[in-house]
Structure formats: structure tokens, C-alpha cells
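Here the structure is laid out as C-alpha cells; the discussion comes afterwards.
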Amino acid sequence: MNIDLALRASIQDSIKTLFQTNIEQLQLQPTNAEFEGSHTLVCFPLAKISKKNPEQTATAIGEYLVTHTEIVSRYNVVKGFLNLVIADRVWAEVFQFIYSDKNFGLLPSNGKEWMVEYSSPNTNKPLHLGHLRNNFLGYSVAEIYKALGYRVHKVQIINDRGIHICKSMAAWKLFGQGETPQSSGLKGDKLVGKYYVEFDKHYKIQIKELMEKGATEADAEKQAPIMKQAVEMLQKWEAKDEATVQLWKMMNGWVYEGFSFTYKRMGVDFEKLYYESDTYLLGKDEVLRGLAQGVFYKKEDGSVWVDLSSDGLDQKVLLRADGTSVYMTQDIGTAILRFRDFPKIEGQIYTVGNEQEYHFKVLFLILKKLGYSWAEKCYHLSYGMVDLPSGKMKSREGTVVDADDLMQEMAEEAEKQTRELGKIDDLTEEQIKSLSEIIGLGALKFFLLKVDPKKRMLFDPNESIQLQGHTGPFIQYTHARIRAIIRKAEAMEIKPNRNELTQIISLEPAEREVIFMVNNYINKLNEAARDYSPAVVANFAFDLAKGYNQFYQSIPIFNESDQAKLKFRIAFSEVVADVLRKSMKLLGIEVPEKM
RNA sequence: GGUCUCGUAGCUCAACUGGAUAGAGCAGCUGCCUUCUAAGCAGCAGGUUGCUGGUUCGAGUCCAGCCGGGAUCACCA
């Protein structure tokens with residue numbers, strides 16, 4: 001049974017009977033821990049229709065519910081708040097319903113399709129901490145929508161062309177002496193990143209030299225020979241110069257090889273990859289079409305612009321005077337291509353940092369001006385930066401936290417702590433490695449996902465590696481502990497029977513609390529989807545684990561002599577383990593059987 | 001400067017979108033392993049929710065103005 005709906009209906013009935021009014025909106029909220037009850041009706045707004053003060057209103061409704069329904073067993077009124085106690089028998093029914101549904105928490109298909117873009121790195125340097133937040137976030141939002149019955153297409157746009165990759169190419173050509181991942185033993189993305197840094201180093205020196213000879217800074221930036229080489233490469237690339245394209249392909253290939261290793265360890269996946277090099281031409285066509293239709297305009301120098309001043313924004317360039325495309329151009333092309341490839345999607349979610357909020361505002365407006373109605377269903381899932389205790393990550397200052405290094409450190413630290421605790425004597429070396437990976441990555445993912453995505457967050461390495469408290473491993477541990485109970489129950493051949501579950505007539509407070517939380521799981525998923533916030537799921541899982549641990553600590557399950565209660569508690573534990581596993585899975589976090 | 005955004009315990013974060021005496025974790029202090037995994041549990045302490053007004057039965061939440069962070073306003077991506 002759906003207790004929330006049943007309760008709402010009963011309350012509406014009571015109001016109709018008592019005050020002769022139909023009311024749609026009810027303020028029903030969880031009861032504060034200090035009062036008895038689980039559901040609280042806020043009665044202040046009802047005072048107007050009841051023509052009584054809030055307290056009398058609450059009392060009247062409470063009295064009605066107790067005498068006229070089977071759901072509410074007791075009530076108490078504090079000021080205008082009506083606290084309702086649901087009968088334990090009803091909780092037992094709720095639990096029975098959940099226990100019987102093997103697909104609890106997974107809604108059937110609703111026939112709707114969405115696209116989620118995430119990751120979308122440049123191909124000139126390795127992935128870092130910021131990308132981790134992006135990847136975990138995008139992956140998790142996609143999984144949450146899937147659980148709610150959506151079909152979700154995970155994609156990314158790979159920024160494989162442009163001046164940034166040409167910089168690495170130029171530097172490699174000048175100083176690389178043919179170095180490859182094979183010859184150097186370096187991961188492909190790391191190798192290409194090395195030459196990006198190399199470029200920057202020489203570029204700075206050249207600028208300085210030119211300025212010492214009297215050039216202005218702006219001039220020096222343009223005249224630096226190494227920059228000229230990079231720009232020349234970009235032009236050659238757009239002109240499809242064979243040698244340049246060859247070099248570009250080779251170096252990008254190295255990067256993809258490196259990335260795929262990193263993605264695999266992160267546990268993220270993509271249904272389809274889009275490459276900027278494939279989409280920018282479509283973008284160009286669309287811009288020219290818009291120009292012909294008068295949506296855009298051309299300046300004397302030949303560059304194409306959009307005027308968004310009537311929308312409160314400014315002018316934005318869409319094509320350079322030399323006809324080459326800018327970032328916006330290819331994003332226009334990519335969006336259109338995606339709706340052609342997946343005609344059934346209603347819209348798409350772009351997981352991109354909040355520094356690009358303006359960009360997406362402009363992009364969606366342009367798409368709307370071009371006549372694409374789905375533009376309104378495009379959503380920028382904008383997330384805050386990840387700061388370090390020392391401040392912002394800066395590549396120049398070498399404070400960038402590398403994704404591969406970080407994952408490795410987390411796994412190593414998890415292994416170290418696991419060995420110190422010494423509970424793993426029956427595991428093989430291989431199993432210990434695998435467990436450490438699960439725990440380390442679990443800690444990292446939970447750390448990055450537990451914070452509201454919209455907010456900028458602090459990454460404190462010492463705190464992130466904590467395995468106690470408000471962490472992923474805390475939840476993993478709770479799961480492992482429950483699994484030990486299940487194994488013991490199986491060994492003792494205690495098998496809960498779903499038809500017997502309603503024989504339970506009284507529940508412990510901790511049990512009631514946990515059933516309430518589990519029952520609320522779908523609501524939480526909806527909330528998480530509505531807000532595009534895996535943090536809602538993360539905090540739900542934490543609260544559930546916390547609630548179960550209170551039960552676990554206060555009630556020794558196998559000491560129970562009442563067989564019905566014993567079986568109920570086994571079933572109860574199974575359900576909690578199952579919901580913990582499912583909710584953690586939505587965060588991309590695995591839960592172990594033992595730890 | 002314009003626009004957007006954030007400011008909650010020493011630190012990191014919550015607060016069901018306007019509801020009760022603002023909650024967790026970490027750090028500190030005190031208890032609990034002969035019993036299902038102590039990566040746990042129970043407790044103590046910690047707050048003028050940046051400031052000042054306003055709206056209302058009720059404001060951390062909405063509005064205005066200050067103060068202080070951050071982002072953005074590129075023919076970079």
C-alpha cells in the first residue's frame with residue numbers, strides 16, 4: 001500500500017466532512033524526532049477554512065482520523081502541528097509490500113527518453129579532479145533517471161580540434177623527437193599533456209623576449225614563433241593538410257587510449273561519442289542558414305554575429321572573419337545532430353561547470369531562434385568548482401590533482417586501512433585488491449557526490465580519505481554487516497516468508513524509523529531527479545545506513561525467541577541491504593559482501 | 001562597473017523548497033567489544049544562520065539595501 005496517498009486521502013476526507021471544503025494542497029511533512037509520530041500535518045493554513053484556531057483544527061482532524069481510519073492509531077497536537085502515529089500493523093503491511101517487490105526502487109519504463117552529456121574533456125591534457133566531479137555527477141544523474149523509468153542516452157562531446165590540441169602538436173613536433181607512449185612508457189594523455197605544458201613554457205619565454213625587444217604584450221602574444229606555428233597548424237588542419245591531420249590523429253589516438261583507461265577505473269560509460277571535428281561543419285551550415293534567414297547578421301569584416309540584446313544579453317560571434325568556427329558554432333551543430341540521431345529524446349542535460357552558464361544561456365537562445373522547439377528542454381546541469389585547501393586548482397602552479405593519481409591513492413589508502421583492521425584474513429590477495437578498489441573509489445565518489453552539485457566545494461585530501469562517518473565506506477560497511485547476518489540466517493535455515501510478515505503487531509522505534517525511510521525511497525529519487533542532484537540519494541543512503549545501525553546496535557537479532565519477529569528482522573535486514581545497494585549503485589558505487 | 005551566484009557549529013556539509021527548540025560528520029571530551037563485523041553505537045560540548053530593515057500567524061529559506069567571497073561579461077574552449 002502507498003501510505004502517503006492513503007493518508008492524504010483520509011485527511012482530505014476528514015476536512016471535507018468536518019469543514020465542508022475540498023482541499024488539494026496538504027502540507028504533510030515528517031515529524032520532528034522529539035515528538036511522537038511519523039507524519040505531521042501543518043494546520044496553520046487550514047485555520048481559514050475551519051474557522052477555528054490551528055490547534056483546534058488539528059485536534060478535530062486528529063480525532064476524526066483515529067476514529068474513522070485504520071491507518072492512524074494515535075495523534076498529538078503541538079501548536080498548529082498535528083503529529084500522526086501510524087499503526088504498526090500498517091507499517092508491517094507497507095514493509096510486506098516492499099519486501100515482495102523484487103524490483104522495488106526500479107520503476108517500469110515510462111516511454112520517455114533523455115540525453116545526458118557529461119565528461120567532454122579537451123584532448124590536450126589528462127583528466128583531473130574537476131573532471132571527476134563532472135563524470136560522477138553526469139553518470140549518476142543518468143542512472144537516477146534510468147531508475148525512474150526513463151531511457152537515457154549517455155554521451156559526450158570530445159573537443160578534439162582547435163588551438164589547444166595544435167599547441168601540443170606544435171610542441172611535440174619541435175621537441176618530441178618522436179616520443180610515443182610506447183617509447184616513453186607514459187600514458188597517452190599524460191604524454192600529450194606533457195607537450196601542452198612544454199608549449200606553454202616556450203611560449204612564455206618567447207613572449208618575454210619579444211617584449212624585451214619592445215613589443216607590446218598583445219603583439220608579443222601573437223608574434224611568438226611557437227604560437228604562430230600552432231595557429232598555422234590549425235589552419236592547415238581545417239584545410240585538411242595530410243601531414244597535419246595525420247599527426248592530429250596519432251596524438252588524439254594516444255589521448256583516447258589514456259582516457260579509456262581512466263574511464264574504466266572511474267566506472268563510467270557512454271552510449272555514443274560525439275567529436276567536435278564531426279559536428280563543427282554542421283554548426284557552420286546552421287549559422288549560415290540563420291544568416292540567410294536574418295536571425296544573424298554579418299559585419300563588414302565578414303564575421304557572423306547574433307544580437308541577443310533584446311534578451312538582456314549582448315552580441316556574440318558565431319563565425320570568424322576567416323570563416324573558421326568558434327566554440328559556439330560546434331555546440332550548435334552538436335545539439336542538432338543529437339536530436340537527429342535520437343529523435344525520441346525530449347531534451348538533453350549538459351553536465352558542464354558553472355563557469356559556462358553564460359555560454360549555455362546563449363546557446364539555448366540561439367537554438368530557439370533557429371526554430372528548434374526542443375531548445376527549451378535543454379538544461380545546463382551547472383556544478384560548482386572543486387577547490388583545494390590551498391585554493392583554486394591551477395595548472396601553472398602545479399596544484400592540479402590528477403584523476404589517475406587520485407584514484408590510485410584512494411585505493412592504496414583503503415588497502416592500508418583495511419589491512420590494519422585485519423578483518424580480511426580469509427580473503428585472497430586478489431580479493432583484497434578488488435575490495436580496496438571498491439572502498440577507495442566508493443570513498444572518492446561519495447565525497448564528491450554528497451555535496452549539492454550547484455555549490456562550489458572543498459576537496460580536502462585528508463578528509464576525502466576518511467573511511468568513517470559521513471562517507472561511502474560507512475554505507476558499504478553497513479551493507480557488508482547486513483550481508484553477514486543474511487549468510488548466518490541462511491546457514492541456520494531461517495527463511496522469511498512474505499505472507500507471515502504481517503503477523504508482526506508491534507515494532508521497535510528503530511524499525512519503524514527505517515521502514516519509514518525505505519518507504520520514502522522513491523520520493524527521494526524523484527526529488528533527486530527534479531533537482532538533478534545525486535546528493536539527495538547520497539544523503540538518503542547515509543541516513544538509511546545510520547538508521548539501520550541504530551537498530552543493529554540496540555537489537556541482537558539472533559537472540560530473539562519469537563520466530564515471527566526473528567524472521568521479520570531477517571527480511572527487514574535484507575530489504576535495507578537491497579536498498580543500500582540500489583541507491584549506491586545510482587551513485588556508481590559498489591557495495592561489498594564483506595569488509 | 002553590469003549580470004549571476006554563494007555566505008549556516010572550529011572545519012566539511014544538511015535542512016523535504018515558507019513551518020516546531022536549525023541537524024549530521026570530522027576535530028575535542030565521556031561511556032559501550034566473552035554476544036550478528038567497534039569502518040559501529042550512546043552521550044557531552046559547540047549557533048545572534050554575514051549585517052540592517054521589510055513581507056506574514058510563522059523567515060536560514062521570499063523582497064530591498066549594505067558587507068564579504070566566487071563566476072562571467074573573448075574572433076579561448
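So you know, we letter chains A, B, ... as the sequences are listed, proteins then strands, and number each from 1. Hydrogens, waters and symmetry mates play no part in the numbers below; they use all other heavy atoms, side chains included.
Ring centroid separation for the pair A/Phe551 and A/Phe572 comes in under the 6.0 Å cut-off.
Separation of the C1' atoms belonging to B/A45 and B/A38 is 23 Å when rounded to the nearest angstrom. Between B/G40 and B/C26, the two C1' atoms lie 16 Å apart (nearest whole Å). Atom P of B/C6 sits at a distance of 13 Å from the matching atom of B/G50, rounded to the whole Å. Across the P atoms, B/U48 and B/U52 are found 12 Å apart, a figure rounded to whole Å. For the C1' atoms, the distance from B/U61 to B/G54 is 15 Å, rounded to whole Å. Of the P atoms belonging to B/A9 and B/G47, the separation is 10 Å, rounded to the nearest Å. Atom P of B/G46 sits at a distance of 25 Å from the matching atom of B/G7, rounded to the whole Å.
Distance check, rounded to the nearest 0.5 Å: OH of A/Tyr118 to CG of A/Leu137 gives 11.0 Å.
Summarising the local packing, CD of A/Glu437 is surrounded by more than 12 heavy atoms from other residues, nucleotides or ligands at distances under 6.0 Å. In this structure, A/Glu34 places its CD atom where more than 12 heavy-atom neighbours from other residues, nucleotides or ligands lie under 6.0 Å away.
Comparing B/A20, B/A38, B/A77 against the side chain of A/Tyr552 picks out B/A38 as the nearest. You'll find that the side chain of A/Val451 is closest to B/C13, out of B/C13, B/A77, B/U35. Nearest to the side chain of A/Arg481, among B/U37, B/A20, B/U35, sits B/U37. Side-chain proximity of A/Asn122 to B/A77, B/C73, B/C16: nearest is B/A77. Residue A/Glu357 places its side chain closer to B/C4 than to any other of B/A77, B/C75, B/C4. Distance from the side chain of A/Phe81 is smallest to B/A20 among B/A20, B/U17, B/A77. For A/Ala484, counting side-chain heavy atoms from C-beta on, the closest listed nucleotide (B/A77, B/C75, B/U37) is B/U37. Set against B/A24, B/C26, B/C16, the side chain of A/Phe542 has B/A24 as its closest nucleotide. For A/Lys392, whose side chain is taken as the heavy atoms from C-beta onward, the closest listed nucleotide among B/A71, B/G25, B/G19 is B/A71. Considering only side-chain atoms of A/Ala480, the nucleotide from B/C57, B/A77, B/U37 that sits closest is B/U37.
One atom, CZ of A/Arg320, and another, C1' of B/A74, lie 10 Å apart when rounded to the nearest Å. With rounding to whole Å, A/Lys450 atom NZ is found 15 Å from B/A24 atom P. Between A/Lys316 atom NZ and B/C76 atom P the separation is 11 Å, expressed in whole Å. Look at CG on A/Asp387: it is 14 Å from C1' on B/G7, rounded to the nearest Å. If you take CZ of A/Phe540 and P of B/C13, they are 23 Å apart, rounded to a whole angstrom. Rounded to an integer number of Å, the gap from A/Met517 CE to B/A14 P is 19 Å. Remark: P of B/U12 and CG of A/Leu388 are 13 Å apart, rounded to the nearest angstrom. Between A/Glu276 atom CD and B/C76 atom P there is a gap of 13 Å when expressed in whole angstrom units.
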Verdict with supporting geometry, A/Leu46 and A/Ile61, side chain to side chain contact (heavy atoms under 4.5 Å, CB included)
CA-CA 10 Å; A/Leu46 300 173; A/Ile61 297 172; 3.8 Å; yes
Given side chain to side chain donor-acceptor pair (under 3.5 Å), test A/Tyr280 with A/Thr334 step by step and report yes or no.
CA-CA 7 Å; A/Tyr280 80 105; A/Thr334 308; over 6 Å; no
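Residue contacts for A/Ile439: at a heavy-atom cut-off of 4.0 Å it reaches a base atom on one of the strands shown. Within the nucleic acid shown, A/Gln468 comes within 4.0 Å of sugar-phosphate atoms alone, with no base atom in reach, counting heavy atoms only. Looking at heavy-atom distances under 4.0 Å, A/Leu458 makes contact with sugar-phosphate atoms alone, never a base. Using a 4.0 Å heavy-atom distance criterion, A/Gln27 is classed as a base contact. Using a 4.0 Å heavy-atom cutoff across all strands shown, A/Ile555 reaches at least one base atom of the nucleic acid. As judged by a 4.0 angstrom heavy-atom cut-off over every strand, A/Lys546 is placed among residues touching the sugar-phosphate backbone only. Backbone-only engagement by A/Asp452 is indicated by non-hydrogen atom pairs under 4.0 Å involving sugar-phosphate atoms exclusively. A/Val326 comes within 4.0 angstrom of sugar-phosphate atoms only, judged by non-hydrogen atoms across all strands, and of no base.
Scanning atom types as modelled, one donor and one acceptor separated by under 3.5 angstrom connect the side chain of A/Thr40 and the base of B/A20. In the interface, the side chain of A/Asn83 is paired with the base of B/A20 through a donor and an acceptor atom under 3.5 Å apart. A donor-acceptor contact under 3.5 Å links the side chain of A/Asp301 to the base of B/C75. Scanning atom types as modelled, one donor and one acceptor separated by under 3.5 angstrom connect the side chain of A/Arg530 and the base of B/U17.
Across A/Phe364, A/Tyr532, A/Phe360, a single residue satisfies ring pair (Phe, Tyr, Trp, His ring centres under 6.0 Å) together with A/His380, and that is A/Phe360.
Place A/Leu234 and A/Pro45 on RNA chain B by their nearest nucleotides, and A/Pro45 ends up nearer the 5' end.
One finds no side-chain N or O of A/Gln466 lying less than 4.0 angstrom from the OP1 or OP2 phosphate oxygen of B/G25. The side chain of A/Lys167 places no N or O atom within less than 4.0 Å of a non-bridging phosphate oxygen (OP1 or OP2) of B/C76. For B/C76, neither phosphate oxygen OP1 nor OP2 lies less than 4.0 angstrom from any side-chain nitrogen or oxygen of A/Arg161. Distances shown here put every side-chain N or O of A/Lys299 at or beyond 4.0 Å from the OP1 or OP2 atom of B/C75. The side chain of A/Lys455 places no N or O atom within less than 4.0 Å of a non-bridging phosphate oxygen (OP1 or OP2) of B/G70. An OP1 or OP2 oxygen of B/C41 is reached within less than 4.0 angstrom by a side-chain nitrogen or oxygen of A/Asn549.
Between A/Phe542 and A/Phe474, the ring-plane angle classifies as tilted under the 30° and 60° cut-offs.
With a cut-off of 3.5 Å on both pairing distances, the Watson-Crick and G-U wobble pairs of RNA chain B assemble into stems of 3 or more at B:1-7 with B:67-73, B:10-13 with B:23-26, B:28-32 with B:40-44, B:50-54 with B:62-66.
The pair A/Arg581-A/Glu590 does not count as a salt bridge, with every side-chain nitrogen at least 4.0 angstrom from each carboxylate oxygen. Residues A/Arg569 and A/Glu511 are paired through a salt bridge, judged by an N-O separation under 4.0 Å between the basic side chain and the carboxylate. A/Glu415 and A/Arg419 are joined by a salt bridge, as a carboxylate oxygen and a charged side-chain nitrogen come within less than 4.0 angstrom of each other.
Base orientation of B/U5: anti, since the glycosidic angle falls outside 90° of 0. Under the 90° criterion around 0 for the glycosidic angle, B/C67 counts as anti.
Cation-pi geometry between A/Lys488 and A/Phe558 is met: the NZ or CZ atom falls under 6.0 Å from the ring centre, inside 45° of the normal.
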